[in-house]
Amino acid sequence: MGLVLHRRYRSSSFAVTTAKAAATAVYSVVPSSSSSLPVASLLSLCRSLRSLEQIHSLIIRKGLEQHQVLLCRFLGLCSSLSAIIYAKEVFFRISSPNIIHWNTLLSASSNLSSLSSTISLFNIMRCSQIPDHYSFPCLLKSCTAHLALSVGASLHSLLHRMDLDDDLYIRTSLVDFYGKCGQVDASRKLFETMLYRNEVSWTAMIDCYFNNGDYTSARALFDEMPERNGVSWNVMIGGYVNAGDLITAREVFNMMPERNVVSFTVMIDGYAKAGDMPSARFLFEKLSTKDIFVWSVMISGYAQNCQPSHSLKLFLEMYNLEIKPDQAVLVGLMSACAQLGRVSLAKWVDSYVGKMSTYTDSPQLSSALIDMNAKCGDMARAAFLFDSMQIRDLVSYCSMMQGYSMHGSAGKSVELFDQMLKEGIIPDDIAFTVILAACGQAGLIEEGNRFFKLMKDDYSIVPSPDHYACIVDLLGRAGMLKEAYHIVRSMPIGPHAGVWGALLAACRMHSNAELAELALSRIYEIEPHNAGNFVSISNIYAAQNRWADVSQIRMLMRSKGLRKIPGCTWIYS
DNA sequence: ATAGGGTTAG
């Protein structure tokens with residue numbers, strides 16, 4: 001229903017008329033006891049766009065349309081309900097907006113609109129109002145979010161001319177802005193010359209050091225800062241998590257005096273990214289109040305770690321608690337469904353997302369939908385979704401290409417890749433992994449080599465072990481085992497299990513026991529607990545009637561305590 | 001009555 005209202009505001013030029021029309025309904029939806037409450041109290045109770053509209057009509061009826069303070073609070077509410085268009089419509093009906101009205105609208109715009117529309121709003125403002133120290137932090141925040149170094153830098157020089165660059169809030173915003181844009185030295189200079197600092201400024205600087213890989217300075221600053229709050233601690237935890245140092249992250253987590261839900265979320269996410277779902281789950285269970293973020297981290301964590309049924313279970317648990325899933329949760333859920341590959345489930349989720357979602361044009365959501373449908377076998381639905389996307393992005397192309405490849409139409413994947421290039425979309429490392437895998441699967445050697453070369457020469461992407469695994473697979477399937485082995489040997493970085501696995505699979509396909517043994521011994525060094533690798537070589541021996549070797553492998557497996565998990569080979573194939 | 005730092009997604 002949020003969607004319906006939102007659309008209406010988009011299409012009608014004046015939300016105000018809509019509000020007037022809704023005026024008659026106001027007392028029926030707002031509880032009768034509260035209808036006698038002052039409008040200000042209603043504003044603090046307001047949780048939805050619909051009640052906002054009703055309060056608006058009440059403001060009009062009571063002739064409070066130009067009430068300065070009320071307007072501010074109203075605009076603030078529009079902002080928190082993501083109703084930027086409504087906010088603008090109300091704002092431009094204010095007969096003489098003051099600086100606070102402007103700043104509130106500016107803040108709403110910087111949170112909800114593009115940087116360019118926020119900047120143009122700022123320029124309109126400057127025609128009738130001199131911006132003050134409240135105006136700039138949100139502008140800078142928007143620049144930071146868009147990593148717009150040049151826009152932010154020109155704001156900085158404007159601030160200097162206006163003599164506002166010593167303000168605590170503004171200085172902190174600048175420290176954060178330059179830090180996020182990778183300009184550590186600029187950040188440090190601004191931080192060190194600050195007249196006053198508080199926990200926020202210290203934390204912004206620490207985060208800046210972490211984002212730029214300087215863990216020592218981050219730690220030194222944390223130890224030095226006079227007072228810390230929850231965010232300071234969480235920045236430390238997150239910094240170590242991103243650095244891959246879970247041990248130190250956990251130490252900081254344990255030392256933290258009052259952990260909040262973000263501390264847990266950051267730590268849990270760290271465990272999930274490192275593949276340690278048991279530790280993630282342990283912390284998750286200890287958390288008494290779970291918010292949408294932590295649910296999302298767990299659900300997508302299980303999906304990323306190939307435990308889709310756990311994702312599904314958690315989602316249902318959330319569903320039963322009547323927590324409204326957000327976009328990230330839905331994406332995680334769909335990623336899990338894609339792995340489960342159950343058409344009926346995918347159909348349910350597809351329609352559920354359609355009903356649930358207020359993000360109809362979101363490329364992330366569309367891509368996840370495409371991916372899920374493709375992986376669950378409904379290529380027609382995937383193609384329909386793809387074709388109905390307004391703007392197709394890299395991820396949606398990748399989902400389609402992977403889908404076609406899975407359904408044995410790698411030729412279509414190749415077509416799509418070329419079409420994507422024509423549309424001006426820049427492929428990344430993952431896109432090349434997808435297309436190389438497609439070529440491998442279909443035995444398109446020439447195309448595969450073309451893309452591999454394109455990736456290295458035209459896009460300057462250094463091949464990852466995954467890319468090498470695809471190339472090895474490509475050559476191996478075509479029976480070019482020697483060439484494949486040569487590629488493996490020539491890799492500048494150490495091959496991972498997937499590369500050797502591709503070689504092993506090729507050996508199996510072409511019954512080359514000798515090379516298979518070599519590959520297996522390497523794989524065993526890397527992943528000693530994967531029974532599937534042993535099964536592969538045992539199959540090669542069996543194909544060559546080498547039954548003694550087969551039973552030897554079986555005995556070896558037994559002595560190592562390895563058992564093949566039935567039906568799990570597809571993960572590696 | 002308005003502003004700054006930390007968390008989710010192929």
Side-chain angles (χ1 to χ4, degrees), chain A residues 40 43 67-76 79 98-108 110-111 131-141 144 167-177 179-180 198-208 210-211 229-239 241-242 260-270 272-273 291-301 303-304 325-335 338 362-365 367-368 370-372 375 393-399 401-402 428-431 433-434:
Chain A
L43 281 172
H67 190 291
Q68 306 260 300
V69 179
L70 222 50
L71 278 164
C72 269
R73 296 200 44 196
F74 190 83
L75 291 173
S79 173
N98 64 26
I99 181 79
I100 303 176
H101 297 134
W102 273 110
N103 287 339
T104 310
L105 184 67
L106 213 52
S107 155
S110 62
N111 287 328
D132 67 358
H133 56 292
Y134 274 86
S135 319
F136 289 94
C138 52
L139 286 173
L140 286 166
K141 194 177 168 183
T144 308
D167 177 85
L168 173 65
Y169 278 67
I170 289 173
R171 201 44 101 78
T172 304
S173 305
L174 282 170
V175 167
D176 183 55
F177 163 72
K180 294 262 164 58
N198 63 8
E199 299 100 307
V200 184
S201 9
W202 283 87
T203 306
M205 193 64 226
I206 292 171
D207 195 37
C208 165
F210 268 122
N211 287 327
N229 62 20
V231 181
S232 329
W233 284 91
N234 290 339
V235 163
M236 289 301 287
I237 299 170
V241 162
N242 286 332
N260 57 32
V261 66
V262 179
S263 330
F264 276 85
T265 309
V266 171
M267 201 62 234
I268 288 172
D269 190 42
K273 297 259 157 65
D291 66 0
I292 192 79
F293 278 98
V294 76
W295 281 102
S296 171
V297 166
M298 283 302 290
I299 290 171
S300 48
Q304 278 160 19
D326 68 355
Q327 203 179 180
V329 169
L330 295 176
V331 171
L333 170 70
M334 285 189 274
S335 161
S362 149
Q364 285 105 317
L365 217 57
S367 303
I370 292 170
D371 191 55
M372 177 180 71
K375 289 195 174 132
D393 66 349
L394 180 61
V395 183
S396 55
Y397 264 105
C398 287
S399 303
M401 292 189 293
Q402 200 170 24
D428 65 357
D429 53 335
I430 299 175
T433 309
V434 170

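The figures here come from the full heavy-atom set of this structure, side chains too, leaving out hydrogens, waters and symmetry mates. Residue numbers start from 1 in every chain, and the chains themselves are labelled A, B, ... in the order their sequence lines are given, proteins ahead of strands.
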Atom-to-atom span, CG of A/Leu330 to P of B/dT8 - whole angstrom:
17 Å
If you measure from CG on A/Asn229 to CG on A/Asn260, what distance do you get to the nearest 0.5 Å?
9.5 Å
Touch check for A/Gln402, heavy atoms < 4.0 angstrom, all strands: base, sugar-phosphate only, or nothing?
nothing
B/dG5 base to A/Thr203 side chain: any donor-acceptor pair below 3.5 Å?
yes
Euclidean distance, atom CG of residue A/Asp167 to atom P of B/dG5 [Å, nearest integer]
14 Å
Which nucleotide in the list B/dT8, B/dT7, B/dA3 gets nearest to the side chain of A/Tyr134?
B/dA3
So which nucleotide from B/dA3, B/dG5, B/dT8 ends up closest to the side chain of A/Asp176?
B/dG5
Quick one: is A/Lys375 getting a side-chain N or O under 4.0 Å of the B/dG10 phosphate, OP1 or OP2?
no
Measure the distance from CH2 on A/Trp102 to P on B/dT2 and round it to the nearest whole Å.
19 Å
Options B/dT7, B/dA9, B/dG10, nucleotide nearest the side-chain atoms of A/Ser300:
B/dA9
Hey, does A/Glu199 have a side-chain heavy atom less than 4.5 Å from the side chain of A/Val231?
no
Length of the CD-P vector between A/Gln364 and B/dT8, whole Å
13 Å
Can you see if the side chain of A/Gln304 gets near the phosphate of B/dT8 - specifically, an N or O under 4.0 Å from OP1 or OP2?
no
Base of B/dT2, side chain of A/Thr104 - is there a donor-acceptor contact under 3.5 Å?
no
Look at the side chain of A/Asp132 against the base of B/dA3 and say whether a donor-acceptor pair falls under 3.5 Å; ignore hydrogens and angles.
no
Nearest whole angstrom, please: distance from the C1' of B/dG4 to the CG of A/Asn229.
12 Å
For A/Leu106, is there any backbone N or O sitting under 3.5 Å from a side-chain donor or acceptor partner on A/Asn103?
no
If you only use heavy atoms from C-beta on, which nucleotide in B/dG5, B/dA3, B/dT2 is closest to the side chain of A/Lys141?
B/dG5
Under 4.0 Å between a side-chain nitrogen and a carboxylate oxygen: does that hold for A/Asp207 and A/Lys180?
yes
Checking A/Ser396 now: which residues fulfil side chain to side chain donor-acceptor pair (under 3.5 Å) with it, not counting sequence neighbours?
A/Asp393
Gap between atoms CZ and P, on A/Phe264 and B/dT8 respectively (whole Å):
17 Å
Rounded interatomic separation in angstrom, taking CG from A/Asp207 and P from B/dG5:
10 Å
Among B/dT2, B/dA3, B/dT8, which nucleotide has an atom closest to any side-chain atom of A/Tyr169?
B/dA3
Round to the nearest Å and state the distance from A/Asn103 atom CG to B/dG4 atom C1'.
14 Å
Between B/dA3, B/dA1, B/dG5, which nucleotide gets closest to the side-chain atoms of A/Val231?
B/dG5
Any donor-acceptor pair, under 3.5 Å, between the side chain of A/Asp393 and the base of B/dG10, if you only look at N and O atoms?
no
